[in-house]
Participant: 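Structure provided below as structure tokens; questions to follow.
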Number of protein chains: 4
Amino acid sequence: MHRGNRHGRSEAAREAVLQAADDLVAEIGYARVTIEGIAARAGVAKQTIYRWWRSKTDILVDAFTADSAQELTLPDTGAFRTDLRAHLDELVRFLEVSDSGAVFRALAGQAQHDPELATRLRAEVLPRLRARDRVPFDRAASRGELPADADVDLLVDQVVGPIHFRVLVTGEPVTPALLDALVTLAARQQPEASARPEQPGGAAT
Amino acid sequence: MHRGNRHGRSEAAREAVLQAADDLVAEIGYARVTIEGIAARAGVAKQTIYRWWRSKTDILVDAFTADSAQELTLPDTGAFRTDLRAHLDELVRFLEVSDSGAVFRALAGQAQHDPELATRLRAEVLPRLRARDRVPFDRAASRGELPADADVDLLVDQVVGPIHFRVLVTGEPVTPALLDALVTLAARQQPEASARPEQPGGAAT
Amino acid sequence: MHRGNRHGRSEAAREAVLQAADDLVAEIGYARVTIEGIAARAGVAKQTIYRWWRSKTDILVDAFTADSAQELTLPDTGAFRTDLRAHLDELVRFLEVSDSGAVFRALAGQAQHDPELATRLRAEVLPRLRARDRVPFDRAASRGELPADADVDLLVDQVVGPIHFRVLVTGEPVTPALLDALVTLAARQQPEASARPEQPGGAAT
Amino acid sequence: MHRGNRHGRSEAAREAVLQAADDLVAEIGYARVTIEGIAARAGVAKQTIYRWWRSKTDILVDAFTADSAQELTLPDTGAFRTDLRAHLDELVRFLEVSDSGAVFRALAGQAQHDPELATRLRAEVLPRLRARDRVPFDRAASRGELPADADVDLLVDQVVGPIHFRVLVTGEPVTPALLDALVTLAARQQPEASARPEQPGGAAT
DNA sequence: ACGTAATCGAGACGGTACGTCCTGTCTTTAC
DNA sequence: GTAAAGACAGGACGTACCGTCTCGATTACGT
């Protein structure tokens, strides 16, 4: 790693910091991560961190963003119910198991104490997650599986809300029973009749 | 055998600490509350706090519990939808507006970084909230407005999950439109009615 | 072991405290002795200590006094030089080796920071030590080995001063060479002898 | 006033601490001086003190050393007795009256409880004082007023020991009578005969 | 014989200071 | 002009004792 730079900021330092922050959250937990610890772990001077980030959460938002860069594309199964179910399975895996999910939970928690972080999360992080959550619904709408005037954001809240609630608040596992119920709830939104909402292929293609 | 100080711990000190903690969270926010600040505000020695509580969150759990002691009884409107709607209005008021809601949000946030707090919350605090959330459903069940085999906890998660999600994660206001949708969703659980569209993979499992 | 008594203090408690204080000074050193530690060691309540003593040094003065109660009589060897030398040997043993000497050194040290203790030491402890230091001189005077008008206290200061100086300040061992020199110095005070070389500005004033 | 520096400590902070320590000992006495108080008085962070000193006595040794830097040269009166008497007058003034004498007494007292401090005093502070105390004797020896084989350190102990003893232990004032006796005692050490030891100019030049 | 009064062990209390840790700023030196 | 290094002021942390206090139990005197 080169020290000093006549031509702008050191990309090496930036990456070392983000990596160190991610690692430390995974290893010792958000609460015990300190800026000094990140600096030491990254082999970077504290001042370098303070020059480019305003707080440890600021670093973590960047780290989380970097992690999220590797976009996963939701496979198209051809039907709303199966698309949605696949997406929810992936969402649960992210929230409960993945390292970046741990960072997300820590940030969401910290946002309760830090309005500035809350603002930044809602401006930068959540829209990207929301966009992903909308994919199955938007696809369904384009297939005609949802009414044209359906309030997709409202539907998303109804579907992912209980999952976040369990993960962040109650700590209960997100069971298949819950996912089934949520998928069914969403699928009940039909273009017209209340007739046979559960026929997955009914309106497809 | 000497049983130590016969008057035991000072109730006055205990109450002063809980009150000071509550006040400070409301005034300056959880993040800026310190044990030293609580001690100073309460007119109590730090050691007295450390003798009876293990951390500032430990104090806040006690303070929250004390605040919750004054149980509010949900008025019985005679019908499930109206009962539920009244309860949800009250829930939103608690989460978004009240002082003890601020404490709850802070604790829920901190629990993301502190497994011990998470455990304590789930053991002591959440069951009480859950009990309240179940009231409209249990009443409805006893009136016959819900099927006998309805999974009430699952229904509760579906109804209150989106509300917590908006309050804790997205920060969007909980709109009447959302509440309407949630009430309608719950009310669709009918004993007879339009058969069992929910059965195939639904909540019944 | 409750010895509550309308008329008078518990002798058992008093002795336990003095013994505990002595032991603790010997075991862990004056600096690390605390009143709480003495109370615990003595099996006595703090309040009992505070009822009867004003500070830990107050306890130690009492403990030292109790230790000193067992008066040792200086054997009469029949001659000033041998009497004095025997006394100085004993003094050095007391200061350098004995447990009560350790207490004395601690008190003398603490008196540098505590005028009240200094006053008490000079009023109660030092006169007893001075009386002992005078014994060889007074005996010599009664034998006619010293001039009638000799200033015994001044001589005592000259003889024991260097010993205390080495023990308390320089930490150098008190050697036989020093003791020899001090005895010789004192013995030079002769009734007749080579007149009064000391007169010009000497001790006679 | 931030003087942070990759290569070394802040001299300003060091001096402020030593000055504050000296002042506080003079103002409120050693016993009531605290590290927090020194930090506050010096306008310095506690951590800065703990970074460079291990205890309050460590600070005071440095402060005492700094005070002693301004060496006073003992004027040469041309004769042993007058040289010595002048030196002893100065020594008494230092021990009884001066601010740095107060620091010395406090350190000597504290050394009774703190072996580490005792070691440091004996290694760093006392040799310098001893060197001063030897000056009149060494001068006398070079003048031939003392035997070539005189044990100067032993003589020093005999002369300054009683003075320290009175100042540190008995608290009695150091009288001219004592000083006279001490000077006479020292002057009695003659090169050869026991003849006229008090003739100041006898062996001079 | 019995109440009164002072003692006792116990330990909670409001405090002070400790020594450690981390924050965010600043300065120096190197590249 | 960025980087590493690290000293700085500040301040919260959790701990140890301080000296005071109240408690209930114990004991001996004086009525």
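As a basis for the values below, the full set of heavy atoms in this structure was taken, side chains included, without hydrogen atoms, waters or symmetry mates. Just so we're on the same page: letters track the sequence lines, and every chain starts at 1.
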Participant: Check the distance between dA9(F)'s C1' and W52(D)'s CH2 and give it to me in whole angstrom.
Facilitator: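 After rounding, the reported distance stands at 15 Å.
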
Participant: Could you check how far CZ of R32(B) sits from P of dT23(E), rounded to whole Å?
Facilitator: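 These atoms are roughly 18 Å apart.
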
Participant: Would you call R120(A) and V61(A) a side-chain contact if the rule is heavy atoms closer than 4.5 Å?
Facilitator: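 Sidechains of V61(A) and R120(A): in contact.
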
Participant: Which whole-number value in Å describes the distance from I59(A) CD1 to dG24(E) P?
Facilitator: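 Taking CD1 of I59(A) and P of dG24(E), I get 10 Å after rounding.
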
Participant: Got a sec? Which of residues 19-27 of chain B come in under 4.0 Å of DNA chain E, heavy atoms?
Facilitator: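 Under 4.0 Å from DNA chain E: no residue of residues 19-27 of chain B.
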
Participant: Identify the pairs formed between an N or O of the protein and an N or O of nucleotides 18-20 of chain E at a distance under 3.5 Å, and give each distance.
Facilitator:
residue	atom	partner	partner atom	Å
dC18(E)	OP1	I35(D)	N	2.8
dC18(E)	OP2	I35(D)	N	3.3
dC18(E)	OP2	E36(D)	N	2.8
dG19(E)	OP2	Y50(D)	OH	2.6
dG19(E)	O5'	Y50(D)	OH	3.4
dG19(E)	N7	K46(D)	NZ	2.8
dG19(E)	O6	K46(D)	NZ	2.8

Participant: List the residues meeting salt bridge (Lys or Arg N to Asp or Glu O under 4.0 Å) with D114(D), not counting sequence neighbours, and say none if there are none.
Facilitator: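 For D114(D) there are no salt bridge (Lys or Arg N to Asp or Glu O under 4.0 Å) partners, ignoring immediate neighbours.
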
Participant: Measure from CZ on R51(B) to P on dC18(F) and round the result to the nearest Å.
Facilitator: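 Distance check: R51(B) CZ to dC18(F) P gives 15 Å.
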
Participant: Is any side-chain heavy atom of W53(D) less than 4.5 Å from a side-chain heavy atom of I49(D)?
Facilitator: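 When only atoms from C-beta onward are counted, I49(D) and W53(D) do touch, with a gap below 4.5 Å.
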
Participant: When you measure from the side-chain N and O atoms of R9(B) to the phosphate of dC13(E), is any distance below 4.0 Å, counting only OP1 and OP2?
Facilitator: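 Checking dC13(E) against R9(B), no side-chain N or O comes under 4.0 Å of OP1 or OP2.
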
Participant: Return a table of donor-acceptor pairs under 3.5 angstrom between the side chains of residues 106-113 of chain D and protein atoms on other chains or two or more places apart.
Facilitator:
residue	atom	partner	partner atom	Å
Q110(D)	OE1	Y30(D)	OH	3.4
Q112(D)	NE2	L168(C)	O	2.7
Q112(D)	NE2	A108(D)	O	3.1
H113(D)	NE2	A106(C)	O	3.0

Participant: Write down the distance between CZ (R14(C)) and P (dC8(E)), rounded to a whole number of angstrom.
Facilitator: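 That distance rounds to 12 Å.
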
Participant: List, one per line, each side-chain donor-acceptor pair under 3.5 Å for residues 14-26 of chain D, sequence neighbours excluded.
Facilitator:
residue	atom	partner	partner atom	Å
R14(D)	NH1	E11(D)	OE2	3.4
Q19(D)	NE2	D23(D)	OD1	2.9

Participant: I'd like to check the side-chain contact (heavy atoms from CB on, under 4.5 Å) partners of R54(D); sequence neighbours left out, ordered by chain and number.
Facilitator: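 side-chain contact (heavy atoms from CB on, under 4.5 Å) check on R54(D) returns D58(D), E116(D).
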
Participant: Can you see if the side chain of T48(D) gets near the phosphate of dA7(F) - specifically, an N or O under 4.0 Å from OP1 or OP2?
Facilitator: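 No, because none of the side-chain N or O atoms of T48(D) sits under 4.0 Å from OP1 or OP2 of dA7(F).
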
Participant: Rounded to whole angstroms, how far apart are CD1 on I49(A) and C1' on dT2(F)?
Facilitator: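 Spelled out: CD1 on I49(A) to C1' on dT2(F) is 15 Å.
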
Participant: Is the shortest side-chain N to carboxylate O distance from R41(A) to E27(A) below 4.0 Å?
Facilitator: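 Salt bridge: yes.
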
Participant: Just so I know, are the side chains of D62(B) and W52(B) near enough to count as touching, which here means a heavy-atom distance under 4.5 Å?
Facilitator: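 No, too far: nothing below the 4.5 Å cut-off.
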
